[in-house]
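What you are looking at is a predicted structure, and each value in this text was computed from that prediction instead of being measured. First the proteins, then the strands, lettered A, B, ... as listed; each starts at 1.
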2 protein chains.
Amino acid sequence: MNNNYELYKVFYWAATTGSLTQAAKALYLTQPSVSHAIKQLEESFGITLFYRNSKGVTLTREGEALYSYIGQSQNFITLAEEKMAALKNLDNGELRIGGSDSLFKHYLLPYLEDFHQKYPGIRLQLNHGTTPEIITFLKEGKIDFGVVRMPIVDPLLDVKESLQLQDCFVAGSNYADLKGTVLSLDRLLQHPVILFSRNSRARMTITELFQSYGLQLKPAIEVGSVDLLIEFARKGLGISYVAREFVTKELDEGSLFEIQLDVPLPPSQVGIMIMRNMPLSVSASKFMELARHTDMR
Amino acid sequence: MNNNYELYKVFYWAATTGSLTQAAKALYLTQPSVSHAIKQLEESFGITLFYRNSKGVTLTREGEALYSYIGQSQNFITLAEEKMAALKNLDNGELRIGGSDSLFKHYLLPYLEDFHQKYPGIRLQLNHGTTPEIITFLKEGKIDFGVVRMPIVDPLLDVKESLQLQDCFVAGSNYADLKGTVLSLDRLLQHPVILFSRNSRARMTITELFQSYGLQLKPAIEVGSVDLLIEFARKGLGISYVAREFVTKELDEGSLFEIQLDVPLPPSQVGIMIMRNMPLSVSASKFMELARHTDMR
DNA sequence: CAGGGGATATAGAACGCATCTATGAACAAT
DNA sequence: ATTGTTCATAGATGCGTTCTATATCCCCTG
């Protein structure tokens with residue numbers, strides 16, 4: 001029984017329409033092809049499946065038996081093809097992203113809004129965590145891609161540079177006397193500094209920078225979210241180290257101002273990381289595409 | 001989406017085995033063929049179905065979705081093919097025959113026993129009735145074939161001659177004085193005659209024969225079964241008109257004897273009738289075959 | 001009863017496509 | 001490094017599906 005399953009499709013339509021000619025039309029074939037296909041099937045089983053008469057065809061008892069199974073089979077195939085079409089058109093499915101809350105809020109949010117509006121059927125799942133956690137999520141297949149600060153070095157991952165961020169020190173109105181002045185790093189250290197928690201990439205980078213100048217950067221306050229960095233600086237609790245792109249609003253309205261330094265601060269790359277050699281899910285690649293073609297801000 | 005369903009079979013095996021190479025073996029194909037088939041499927045959907053790595057392949061999320069449907073579909077196809085094989089091997093199904101009780105008992109019984117022993121899975125359904133009823137059953141599709149006395153003239157039916165019967169007159173021991181003598185038809189009429197009921201083919205035939213000699217055959221007793229014909233004759237109630245083949249036992253043991261006539265009685269053909277141009281069910285054609293190849297008695 | 005119009009079956013040709021072999025490339029393991 | 005997996009790619013080949021053309025059968029109608 002080494003049948004071509006294609007024959008079942010022909011059989012199904014012949015049985016459903018009760019006519020080889022109709023089946024041929026439905027399948028965009030000619031009538032002799034259908035006739036031949038049915039004959040092949042009958043010969044392979046050694047069983048006659050149809051009564052032929054001048055009005056068309058009707059199933060024999062054995063044909064009925066076959067139809068009861070093949071009909072089910074066809075139903076599932078139809079469902080499968082509908083599902084695939086839905087997946088391709090993103091009528092359903094889900095998009096799972098890993099990243100830090102700050103990147104979600106200040107970087108991905110507009111894209112996410114955009115995406116959700118375009119494909120409301122897609123469930124969005126945002127997994128926040130530290131960079132190592134995100135990497136683990138990725139390797140476990142729990143997220144489609146991760147958005148983290150560069151650099152990332154992992155042979156299993158592909159990282160694509162995305163947004164470039166420029167971290168800077170900002171302060172609130174109570175430090176207004178520093179406005180317009182250019183500080184050196186050691187002068188800066190005379191003020192209380194508010195940093196992100198220890199295991200963040202930005203925190204590590206800036207600490208290393210100070211160390212390269214022989215200085216030790218010890219935060220007066222350590223917080224776990226970008227929002228708190230901003231809030232504390234506005235309340236005058238200290239000088240926050242934060243991506244400039246995340247505080248554009250505050251800088252514009254004047255509730256925060258950037259402190260000029262006599263040394264350049266290194267820019268920081270945001271990278272999008274995916275599993276190397278793993279194809280993206282449809283929803284993920286659609287999201288990427290959308291993000292690439294959208295002019296942010 | 002004009003897919004060749006054959007691709008689903010390949011997909012199913014690739015997903016099930018988690019290896020294109022294994023799938024190729026299962027399908028008696030080469031690995032490149034499988035690779036190509038999967039690629040075709042992926043391109044037709046515009047969706048990546050598998051993660052490829054050096055150990056084999058695993059389904060993507062979209063592939064899982066497809067598999068959940070296609071798996072069901074394949075299950076039904078497998079069941080269908082098993083069912084067809086079972087039907088062909090007559091592991092199940094039914095055989096429905098129409099005929100008279102006498103033919104069932106005296107003609108078909110040995111074949112039926114034989115058939116049942118050979119294919120115990122087949123349900124036997126015997127529908128008895130008069131010849132016109134049998135024809136109706138046949139046209140309504142309620143029986144696979146009918147066994148009746150010839151001739152049958154119906155453009156929708158095909159009739160194949162089967163057993164030839166020789167009707168004759170038999171009497172019991174109280175008519176022993178007739179043994180060895182040769183009677184003429186009118187002499188016969190001086191004795192009570194037992195005939196089958198009016199609507200039987202045998203009754204019609206013999207009545208016509210008498211008419212052709214200008215004689216009128218009126219039964220003293222009219223019965224509805226061959227068994228009663230035999231029984232009444234044995235009990236001495238009259239002379240029964242019955243197929244010689246149905247009373248071989250009684251003739252042999254001497255409880256009945258055949259009355260010799262001076263004119264030949266016409267033989268009577270038993271015919272097997274089927275719907276013209278309708279293929280026989282598998283069980284029916286197997287039965288026919290068996291009956292043809294079996295030497296009765 | 002002839003003829004038209006519907007159905008399926010058959011024959012033979014042709015082309016497309018599935019499949020093959022051969023090879024490449026990536027990766028894991030020893 | 002080497003060997004043995006895996007899957008991917010390229011190109012050739014030949015089988016088998018599909019086609020056109022035609023036959024056949026049956027029903028219906030004028």
Kindly write out the residues that satisfy salt bridge (Lys or Arg N to Asp or Glu O under 4.0 Å) with A:K88, not counting sequence neighbours, or none if the list is empty. none
List the residues meeting side chain to side chain donor-acceptor pair (under 3.5 Å) with B:T205, not counting sequence neighbours, and say none if there are none. none
On the nucleotide C:dA7, are OP1 or OP2 found under 4.0 Å from the side-chain N or O atoms that A:S19 carries? no
Report, one pair per line, the protein and nucleotides 15-19 of chain C atoms (nitrogen or oxygen only) whose separation is under 3.5 Å.
{"unit_1": "C:dA18", "atom_1": "OP2", "unit_2": "B:Q40", "atom_2": "NE2", "d": "3.4"}

Applying ring-ring contact (aromatic ring centres under 6.0 Å, His included), can you list everything that pairs with B:F145, at least two apart in sequence or on another chain? B:F287
Taking CZ from B:R52 and P from C:dA25, how many angstroms apart are they, rounded to a whole number? 18 Å
What is the separation between atom NZ on B:K55 and atom C1' on D:dG4, rounded to the nearest whole Å? 14 Å
Separation of C:dA7 atom P from A:K39 atom NZ, nearest Å, is 20 Å
Expressed as a whole number of angstroms, how long is the span from B:K25:NZ to D:dT6:C1'? 12 Å
Nucleotide D:dT6, atom P - distance to CD1 of B:I38 in whole Å: 16 Å
B:Q31 CD - C:dA22 P separation (whole Å): 14 Å
Check whether any side-chain nitrogen or oxygen of A:T21 sits under 4.0 Å from OP1 or OP2 of C:dT8, and answer yes or no. yes
About how many Å separate NZ of B:K39 and CG of B:L7, when rounded to the nearest 0.5 Å? 14.0 Å
Not counting sequence neighbours, which residues clear side-chain contact (heavy atoms from CB on, under 4.5 Å) with A:V282? List them please. A:L90, B:I47, B:E62
In this structure, how many angstroms lie between the P atom of D:dT6 and the CZ atom of B:F50, rounded? 16 Å
Please report, rounded to the nearest Å, how far the P atom of D:dT18 is from the CG atom of A:L27. 9 Å
Extract all donor-acceptor atom pairs below 3.5 Å that involve side chains of residues 118-128 of chain A and protein atoms in other chains or at least two apart in sequence.
{"unit_1": "A:R123", "atom_1": "NH2", "unit_2": "A:E94", "atom_2": "OE1", "d": "2.7"}
{"unit_1": "A:Q125", "atom_1": "NE2", "unit_2": "A:N127", "atom_2": "OD1", "d": "3.4"}

